[in-house]
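Structure, as structure tokens:
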Amino acid sequence: MAAFFPEELVNEVVSANDIVDIVSGYVRLKRSGNSFMGCCPFHREKTPSFHVSADKQLYHCFGCGAGGSVLQFIMNAEGLDFPDALRFLAERAGIRLPEDSVGGRDEEKYKRKQKIYEMNRDAARFFRECLLSPTGAKAQEYLTGRKLSGKTIAAFGLGYAPGGWDSLLKHLRSCGYDRSLMVEAGLCIMTDKGHVYDRFRERVMFPIFDVRGNIVGFTGRILSGDAAKYMNSPESMVFDKGKNLYGLNLAKKSSRGYYILVEGNMDVISLHQAGINCAVAACGTAFTRDQARLISKNPVYLCFDSDGAGQKALERAAEIFKEFDTPLKVLTLPNVKDPDDFIKKYGVEQFEKLISKAKTVTEHRIDTLLNGIDLNDTAQKIEMLGKAAKLFSQISSAVEREVYITRLAAKTGISTDSINSEVRKTNAKNVRKEVTSQLRKTVSGDTGDIRRASNRRTVAEAGFLAMLAESGKVYTRFMDKFTQESFSTDIHKQIFNHICTYYSDNKSGTCKDYLLSGMAGSEKELSNVLMSVQNVTDNLAAAEDFAQVIENEIFNEKLQKAQSEGDITLISELLKSKKQKG
């Protein structure tokens, strides 16, 4: 990309923004030697492969290859181009950038974006004026009926798009904006014949702000008629609905230290008006990974509608947040559909009590499993236990899993032994499935076709080493059974030796950290091994399966060699040994 600003100015801005501080706002980082590591914000992973160097002021992901300086990080994390990323960092550091520093083809794009921001502000002012005029009487009645104060209406910039086909168009033309820009920003629509008319008509208008305070789009709520209840701005060069959260520009200023994720704009506004100023909502779209990343550093309370669709949305959000290791709680709304209704019916004090009594996602799921179940009905009880076992099998922490099993036992009268037995069966099925997948399937990068792995031993070695690095229990189990020569590749031998050194010398930190710091230059190969197995909750069981494959492959290779050399004695010894073990 062409340079828009003098090199010395860019360097000044970059130097003023420590990359560890910046990345920490998006990724949970842990120190690893002279660097920091965490899960990459740019691709899905459970084994951290994302590294940040404080010394070099660079980041790199050994999983997806993303990397660069703090500028590249902000461009990718915020979806900004170079000049906007530089401005983002300059504002953070208190550095003023000259307005005339851009140039070339990208200057036109930059100026057009600024023009759209300016036009959106003028459109919001127009909607605001219409709301306060006699024309907006019906909209004012709607908002006051929703018990919104004038202060709240002003804080969120609410307005009204009047009827007719070209009210906004005429206003913006009088401000000097051309029709093509209005269409590009989604404020107007152009027909096939070239006629242009207002997109939003007779709707209460909700401006959508980005985190920097720019108006990037609008949501319009119909007041009457059969049209869609809500209409959103289409995506544009300034608006990506999957990368924005409604109310985040205000919620980021909250001192509460957490966010409350709700479904609708009115839920956000109602909570903010009640003093719960940390609420945000998705912008007319299913909740996305990019939206989760924006608030993932802080704990998040999920407060979705109580209907079926709302609970499905809650589950989706919970799964997305797992990727970021975000502390989650669930707020359950009794006898109402959404937070706005709850505030109106019970008041803010009761909502604060809901926050204080919020449940973990697992507790919420257990309650959902038990809801409507007749525990005196054997068939229902067995079905519920099967679902609970699947739920518990996904919990990697043995202590956490035991806590929830004990709670379920107390609520249902089923013994903890019986529940644990079902969980072990489910875990065994999961492990077998995962190991089988790792050993027998790979995916072709060219065609996507599933084919049999070319080297079962190499795949099994990678999986075994990954389990070894995960657990000292696995190392203790196999420390006397494997040596360096048990592995077929140089990199696997190196990793095995480093793992043995880590456990035998009681090195500080995690085994993965030790491997990464001790195998500089082989990070990509190491990442391939450490990330070779996913979603395994029983490391020892998986390791035993991988070890069995390795031993079988070693035996087959020795037997094949003995047969090719005609060594009858060795063949006899091998078969005898195999029979004794088997």
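Looking at D338, its side chain does come within 3.5 Å of a backbone N or O of D340 through a donor-acceptor pair. Not a single donor-acceptor pair under 3.5 Å links the side chain of N249 to the backbone N or O of F209. Checked by atom type and distance alone, the side chain of T288 pairs as donor or acceptor with a backbone atom of G242 at under 3.5 Å. The main-chain N or O of V52 is never found under 3.5 Å from a side-chain atom of H60 such that the two would form a donor-acceptor pair. The backbone N or O of V216 lies less than 3.5 Å from no partner atom in the side chain of N214, so there is not a single donor-acceptor pair. Remark: the backbone N or O of L89 is paired with a side-chain donor or acceptor of N17 at under 3.5 angstrom. Formation of a donor-acceptor pair under 3.5 Å by the N244 side chain with backbone atoms of K241 is not found in this model. Between the D240 side chain and the S236 main chain, no donor and acceptor come within less than 3.5 Å of each other. The main-chain N or O of A77 is found under 3.5 Å from a side-chain atom of R293 such that the two form a donor-acceptor pair. A donor-acceptor pair is defined here as one N or O able to donate and one able to accept, closer than 3.5 Å; no such pair exists between the side chain of Q291 and the backbone of L245.
The two residues R401 and V423 come nearest to each other via the heavy atoms CD-CG1, 4.0 Å. Of all the heavy atoms in P339 and L333, the pair that sits closest is N-CD1, 3.5 Å. Between L515 and I495, the shortest heavy-atom contact is CD2-O, 4.0 Å. K229 approaches R203 most closely through the heavy-atom pair O-NH1, 3.3 Å. Residues A282 and N265 share a closest heavy-atom pair of O-OD1, 4.5 Å. In terms of heavy atoms, F304 sits closest to L261 at CE1-O, 3.4 Å.
Looking at heavy atoms from C-beta onward, M37 lies out of side-chain contact with L29 at the 4.5 angstrom threshold. In this structure, N120 and F218 have side chains that are in contact, with non-hydrogen atoms separated by less than 4.5 Å. Using a 4.5 Å heavy-atom threshold, the side chains of N277 and L250 count as separate. The closest side-chain heavy-atom distance from L354 to F342 is below 4.5 Å. The shortest distance between side-chain heavy atoms of T326 and N298 does not fall below 4.5 Å.
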Discussion item. With salt bridge (charged side-chain N to carboxylate O under 4.0 Å, His left out) as the criterion, how do E352 and R256 come out once you've worked through the C-alpha distance, each side chain's angles and the decisive distance to 0.1 Å?
Written reply: CA-CA 12 Å; E352 293 282 11; R256 286 180 173 253; 2.7 Å; yes
Worksheet item: Which is it for T360 and K329 under the side-chain contact (heavy atoms from CB on, under 4.5 Å) test, yes or no, and what are the steps along the way?
Response: CA-CA 5 Å; T360 66; K329 289 289 186 70; 4.1 Å; yes
Worksheet item: Hey, mind stepping through H272 and F156 against side-chain contact (heavy atoms from CB on, under 4.5 Å) and telling me if it holds?
Response: CA-CA 10 Å; H272 277 254; F156 282 88; 3.7 Å; yes
Item to complete: For F206 and F200, run ring-ring contact (aromatic ring centres under 6.0 Å, His included): C-alpha distance rounded to whole Å, both residues' side-chain angles, the deciding distance at 0.1 Å, then the answer.
Response: CA-CA 11 Å; F206 301 78; F200 300 100; over 10 Å; no
Practice prompt. I would like to know whether L302 and L331 meet side-chain contact (heavy atoms from CB on, under 4.5 Å); could you show each step before the answer?
Written response: CA-CA 6 Å; L302 304 177; L331 299 180; over 6 Å; no
Worksheet item: Under the ring-ring contact (aromatic ring centres under 6.0 Å, His included) criterion, do Y301 and Y259 qualify, and how do the steps go?
Response: CA-CA 6 Å; Y301 289 77; Y259 292 103; over 10 Å; no
Worksheet entry | ring-ring contact (aromatic ring centres under 6.0 Å, His included) between F50 and F62, intermediate numbers included | CA-CA 6 Å; F50 182 85; F62 295 100; 9.6 Å; no
Practice prompt. Carefully, step by step, assess I276 and V348 under the rule side-chain contact (heavy atoms from CB on, under 4.5 Å).
Written response: CA-CA 8 Å; I276 303 174; V348 64; 3.9 Å; yes
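Rounded to the nearest 0.5 angstrom, Y346 OH and K353 NZ are separated by 13.0 Å. Rounding to the nearest 0.5 angstrom, the gap separating the OG1 atom in T362 from the NZ atom in K359 is 12.5 Å. Between K253 atom NZ and L248 atom CG the span is 11.0 Å, to the nearest 0.5 Å. In this structure, CD on E263 lies 9.0 Å from SG on C303, to the nearest 0.5 angstrom. Rounded to the nearest 0.5 Å, atoms CZ (F82) and CG (L71) are 5.5 Å apart. To the nearest 0.5 Å, atoms OH (Y258) and SG (C278) are separated by 4.5 Å.
With respect to K344 and D341, no salt bridge is recorded, no charged nitrogen being found less than 4.0 Å from a carboxylate O. The pair E319-K322 meets the salt-bridge criterion, since a charged nitrogen lies less than 4.0 angstrom from a carboxylate oxygen. Salt-bridge annotation for E78 and K243: absent, with no side-chain N of the basic residue lying under 4.0 Å from a carboxylate O of the acidic one.
Between the side chains of S270 and Q273, no donor N or O sits under 3.5 Å from an acceptor N or O. Side-chain polar atoms of H364 and E315 form no donor-acceptor pair below 3.5 angstrom.
Ring-plane geometry between Y59 and F42 is classed as tilted, the angle between the planes lying from 30 to 60 degrees on a 0 to 90 degree scale. The aromatic rings of Y404 and F392 sit parallel, their planes meeting at an angle under 30°, below the 60° perpendicular limit.
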